[in-house]
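All ligand and atom numbering here is 1-based and tracks the order in the structure. Quick note: residue numbers are just sequence positions, from 1. All of these numbers come straight from a predicted model, not from anything done at the bench.
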Amino acid sequence: MRMRQLQSFVWTLLLVAAGAAADSSQWPAQSSPFPADAAEEARLNGILARMSLSDKVGQVIMGEIQHVSPRDVKRYRLGAVLNGGGSFPGKDRHASAADWLALADAYHEASIDRNDGRPAIPVIWGTDAVHGANNVFGATLFPHNIGLGATANPVLLELIGAATAREVAATGIYWNFAPTLAVPRNDRWGRTYEGYSEQPDRVAELGAALIEGMQGAVGRDFMAPGKVLATAKHFLGDGGTTDGVDQGNTEVGEDELARIHASGYRTALGSGAQTVMVSFSSWNGLKMHANPYLLQEVLKGRMGFDGFLVGDWDGHSQVPGCSAGSCPEAFNAGVDMFMAPKQWKRLHRNLLRQVRMGEIAGARLDDAVRRILRVKLRAGLLDAPRPSSRPLAPERESGTVSRSEWIGHPEHRALARRAVRESLVLLKNEGSVLPIEPKSRVLVAGAAASDIPSQLGGWSMTWQGDDIENSDFPGATSILGGITAAVEGTGGTVEYRQFSELGTGSAASLPDVALLVYGERPYAEYEGDVKTLEFSSRDKSHLEAALRLQAAGVRVVSVLLTGRPLAVPDEIEASDAFVVAWLPGSEGAGVADVLIAASDGAPRFDFAGRLSFSWPERADQAVNNPGDEPYRPAYPPGFGLRYEQFDGS
Ligand code: BGC
Ligand code: BGC
């Protein structure tokens, strides 16, 4: 008891301190891009007036599909369900589009099955399709956001948003927990790859483009067939935590919070983002899930956000005094919907009691429910038929493509392959070793060249991107597969080896060029936090291989797979050419498109990627952004060589 009192005392002090420092005029003054609609608001009022208290409480809760049955949705009138990373219908990772749809239909029908005269409100299902529909067997997986940041191409991002939406909608799901608008400022963070850039303007530009493709543009094709709702996450400061600790504490002034970390929200809201996910992290010691100043005054007030705020995975439980099953503090601070994967039932019971006891004001509950209903109404979900009966594309585009055929559709894969090409960043190309000439004898080395999970990273079928294999990704191409096809197409040959298999070899068997593929192992969230930016401290076999090959006179090309900038000065030194391929996703063949010349020797595609993060020289340069002191990057943002720069030289 004493502990609890002490906690709440410290809490009050923090709240007072936060309030005192606050100055909302530092934040962009905005209003909703949706024009005020009196008829819509009247309809919402009508629905609200007919809901019971228990209905309203159900509406503000989201449980996880392994823990919520359609019967639960019906009985508790839950507003939403989600599937977490690595959670599939029937726990089957190879679940078909039909399996996903059947479960989406079952939840939907349960939610509208009602005959007591009270309003039946369709449930909404949320998912993490953070680089394509990455939970779905056979889907197209796009490069993770760090690679898309390097493309610096908003037109491409809009197309990717649209393709992702269509593959998600094909499974009957209409709400995506993406994009991440974090501005990662410390590359030790395990979620660095979920961010587009360390530069706020780049995040603002690309995030808005993705959202417009995913949802459609307000006033044009918002939530038209095949569109899904986006989520701007994680509000706010997730990329600014001290030491890059995931879910940590962002210790910056309000000016920096607004200028750097809120940049993507300004444009996301302007593009019509209807849901914002609250960050696990704290701002100057105060958990974001309990920060009424930023959630209500700034976001819903000053920035005009009239959609709803969803909590992160039991994020409310981290507020002092709260648990997964009870947290009036978060709700009172402005969280409109709890993400309560497992403890949703307990939460329902406690919320009911807290409203009855006056710990939560009825008006606050009504406000949250009204926001959730408003979003469902705007998105057309209040009146939509069961998911399997909703059209997936405008009539003229759908042609003869069946619903399930949109998943991993060749056009989407071609788009992802283009994204891979545009994301590659060339840091070095001595003696123009790239593009690799026609008829070359190419040695490819490194397990990552043929291992598709290595090119996917986290949030790929499983949460961590571990425990998966090539056969879990039918239709995907490996880097090796792409290289082999391209090289053989010009009359050359490819030999594939592991680093451990590379002896010195006799001169006669030496290849013309060696292509080494290596990089980080997949990870997600806090499991990816690191102490330094050193690459592979225990295993340097890739570097030994490069040095040995160079000593034997073989030209070496390195391809690095990574979710963050890494200090690799020795690797760069030991390579004639060095390519950063980020986490390219399912279309590994996009790497060969740029690296291997056509039969006439000309590049088939030029490099287009530019660093959207400063590249470090040393492993201790985790905080490495323009303006930081000291700031001595090996390569600054914007850096990326082109073939054409070497033409005629
Ligand atoms: C992550 C969110 C994600 C949620 C649901 C959380 O752990 O922080 O980004 O949307 O889980 O899977
Ligand atoms: C879930 C993720 C979630 C994470 C939070 C995992 O078990 O699959 O979706 O983000 O837990 O810790």
*Can you tell me if N145 uses its side chain to pair, donor with acceptor, with the backbone of Y193 under 3.5 Å?*
no

*Pick one of side chain, backbone, both or neither for how R191 approaches ligand 1, counting any non-hydrogen atom pair under 4.0 Å.*
side chain

*Side-chain heavy atoms of W175 within contact of L82, under 4.5 Å*: no

_Show me which atoms of ligand 1 lie under 4.0 Å from any heavy atom of M277._
2 (C), 10 (O)

*Can you sort out which atoms of ligand 1 are near D128, meaning under 4.0 Å from one of its heavy atoms?*
3 (C), 5 (C), 10 (O), 12 (O)

*Do R185 and D238 meet the salt-bridge criterion of a basic N to acidic O distance under 4.0 Å?*
no

*With side chains defined as the heavy atoms from C-beta onward, is the minimum distance between T275 and M337 less than 4.5 Å?*
no

*Say whether W459, considering both its backbone and side-chain N or O atoms, lies within less than 3.5 Å of an N or O atom on ligand 1.*
no

*Using a distance-only test with no angle check, is there a side-chain donor-acceptor pair under 3.5 angstrom linking D467 and T462?*
no

*W463 near ligand 1, heavy-atom distance under 4.0 Å?*
no

*Could you tell me which atoms of ligand 1, counted from 1 in the order shown, lie closer than 4.0 angstrom to a heavy atom of F177?*
10 (O)

*Is ligand 1 less than 4.0 angstrom away from at least one heavy atom of H234?*
yes

*Numbering the atoms of ligand 1 from 1, which are under 4.0 Å from a heavy atom of K233?*
2 (C), 3 (C), 9 (O), 10 (O)

*Heavy-atom contacts with D312 under 4.0 Å: which atoms of ligand 1 show up? List them by number with element.*
1 (C), 2 (C), 3 (C), 4 (C), 6 (C), 7 (O), 8 (O), 11 (O)

*State, without any angle test, whether D451 and S454 hold a side-chain donor-acceptor pair at a distance under 3.5 Å.*
yes

*Can the ring centres of Y526 and W313 be said to be less than 6.0 Å apart?*
no

